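Working notes, structure below.
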Amino acid sequence: MDELDVPTFFLCPISLEIMKDPVILSTGITYDRMSIEKWIFSGKNDTCPVTKQKLGDSELTPNHTLRRLIQSWCTLNASYGVERIPTPRPPISKSQLMKLLNDSKSPKLQMECLRKLKFIVSENETNKRCMEDAGASEILASIITSASIVSSNGNEDGFELSRPDDEALDIMCHLQLSEKSLKSLNGEKGEFIESLMRLMQCDNYESRTYSVILLKSILKVADPLQKSGRNRIKAVEAGAVSVMIDFLCDHSSQRRVCEMVLVVLDQLCQCAEGRAELLNHGAGLAVVSKKILRVSQLASEKAVKIILSIAKFSATTPNVLQEMLHLGVVGKLCLVLQTECGEKIKDRAAEILKLHARAWKNTSCLPINLRTSYPS
């Protein structure tokens, strides 16, 4: 392409690549749809990249004239190996979208509508935002809640086949919901949280992973009072801690999954019920400490933070302290102080060790080479 004289107005101002779907912003500047959607939606920017003007709205108007010029130029330069760009499909209209969402409430049309919505959400960022604005998150959450309750009550189809809640969950995760929509899912009764817990125990690996992703996102944006209150406890009561620990055991080699699970566990262990469940699980402390220094810095940070919660609030009995010692948790914390793993992680590890120095510092269970790094 270097030897071709590409007209500059064919190039997207952001990526400097030939535009495939030129659209005009409210400021009058033309961009490639994919590039400007990434700038506005994924990058969460509210200004025009060229003029720096604040955007009154993010409506994108197709520039059909420029698109036809680009297609003509591609055809004229076909001998140079230039392929003609296809005419892009327009984003779905609001009326089409509302009909699909309303029809998805009907049991007979549900699976067909969900599969169409799944395709629509994969096409472009504009479709994602249109779906969210149309209230898709509430409708999809309702489908997930209803379908998972039926399954948990003995639906003979079990968890093996593709079901409405699997499809709806897939769509919700790919929607990349805004903070406002995520907060709306954290309802008063906590039914959606319970549904995610049930899906975490199904046989569909994708649904289990998507459930973790969504729960992590919901907990991340929840109000502080909610985080430490009823909804978090509701998740614990639904078996979230046990499911998270089993995830860590089953997917120990998958970095992204481990990180997400530890983020969720960190949130759940900020309440007494969550910490109690982790301690009651036979592999709880062991599997969390095992992730320190073995997965990533984020995983190490969250794992140490979980152990700090245990050490601060749930280590009032000698049995817990002895278990942490015999499982190698104390040794791992001493090892953290000897490695380059980030000051925040080291500070937390030192805080834990200082909290219980009387019980751990001079014990024979701790190797001599680790005792030397024990903080004074």
Side-chain angles (χ1 to χ4, degrees), residues 219 224 227-228 232-233 236 240-242 244-253 255 258-376:
L219 289 175
K227 282 186 175 182
S228 58
R232 182 182 283 153
I233 295 171
V236 173
V241 173
S242 178
M244 295 297 108
I245 294 169
D246 291 342
F247 252 95
L248 286 178
C249 294
D250 295 341
H251 308 291
S252 58
S253 61
R255 181 183 66 84
C258 285
E259 289 175 345
M260 289 189 300
V261 169
L262 287 167
V263 168
V264 175
L265 262 182
D266 172 37
Q267 295 289 341
L268 296 176
C269 285
Q270 289 177 35
C271 68
E273 292 80 1
R275 294 189 293 272
E277 283 299 307
L278 184 135
L279 291 172
N280 288 335
H281 194 292
L285 276 174
V287 74
V288 169
S289 65
K290 191 176 180 181
K291 302 307 172 188
I292 301 173
L293 302 179
R294 296 190 64 174
V295 179
S296 66
Q297 181 150 331
L298 175 61
S300 296
E301 180 183 326
K302 294 303 176 183
V304 171
K305 191 178 175 188
I306 291 167
I307 294 171
L308 177 59
S309 294
I310 299 294
K312 272 186 172 181
F313 308 111
S314 303
T316 54
T317 62
N319 289 341
V320 174
L321 296 180
Q322 288 304 308
E323 184 180 2
M324 293 175 78
L325 186 63
H326 291 301
L327 288 174
V329 178
V330 181
K332 181 63 76 77
L333 294 172
C334 289
L335 191 59
V336 165
L337 300 182
Q338 299 177 359
T339 59
E340 295 298 326
C341 58
E343 290 304 314
K344 183 186 289 187
I345 300 173
K346 285 189 174 185
D347 290 345
R348 284 177 176 158
E351 183 180 353
I352 298 167
L353 292 170
K354 289 177 182 178
L355 273 173
H356 303 291
R358 184 177 297 179
W360 294 336
K361 187 171 183 179
N362 297 313
T363 178
S364 59
C365 294
L366 199 62
I368 295 175
N369 65 314
L370 294 178
R371 267 183 261 172
T372 58
S373 63
Y374 205 103
S376 56

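Computed from a prediction, not measured in an experiment: that's the story for all the values here. Below, all heavy atoms of this structure are taken into account, side chains as well, without hydrogens, waters or symmetry copies.
Nearest heavy-atom pair, Arg275 versus Ser314, reported as atom, atom and distance to 0.1 Å: NE-OG, 3.1 Å. In plain terms, the two heavy atoms of Ser242 and His281 that are nearest each other are OG-CD2, 3.7 Å. For the residue pair Tyr374 and Val330, the shortest heavy atom distance occurs at CE1-CG1, 4.4 Å. Considering every non-hydrogen atom in both Pro375 and Leu337, the closest pair reads CD-CD1, 3.7 Å. Nearest heavy-atom pair across Val236 and Cys271 is CG2-SG, 4.1 Å. For the residue pair Leu293 and Ser300, the shortest heavy atom distance occurs at N-OG, 2.8 Å.
Considering only heavy atoms from C-beta on, Lys344 stays 4.5 Å or farther from Asp347 through its side chain.
Note that CG of Leu278 and CE of Met244 are 12.0 Å apart. Values are rounded to the nearest 0.5 Å. Rounding to the nearest 0.5 Å places CD1 of Ile345 at 11.0 Å from CD of Glu340. Rounding to the nearest 0.5 Å places SG of Cys269 at 8.0 Å from CG of Leu279. Interatomic distance, Asp266 CG to Lys305 NZ, rounded to the nearest 0.5 Å: 4.0 Å. Atom CD1 of Ile307 sits about 13.0 Å away from atom CD of Glu351, to the nearest 0.5 Å. Within the model, atoms NZ of Lys361 and OG1 of Thr363 stand 13.5 Å from one another, a figure rounded to the nearest 0.5 Å.
Side-chain N or O atoms of Lys332 include one that pairs as donor or acceptor with a backbone N or O of Ser289 at under 3.5 Å. When atom types are taken as modelled, the side chain of Trp360 and the backbone of Leu321 share a donor-acceptor pair closer than 3.5 angstrom. Looking at Lys312, its side chain never comes within 3.5 Å of a backbone N or O of Ile352 through a donor-acceptor pair.
Val287 pairs in a side chain to side chain contact (heavy atoms under 4.5 Å, CB included) with only one of the listed residues (Leu265, Val261, Ile245), which is Ile245.
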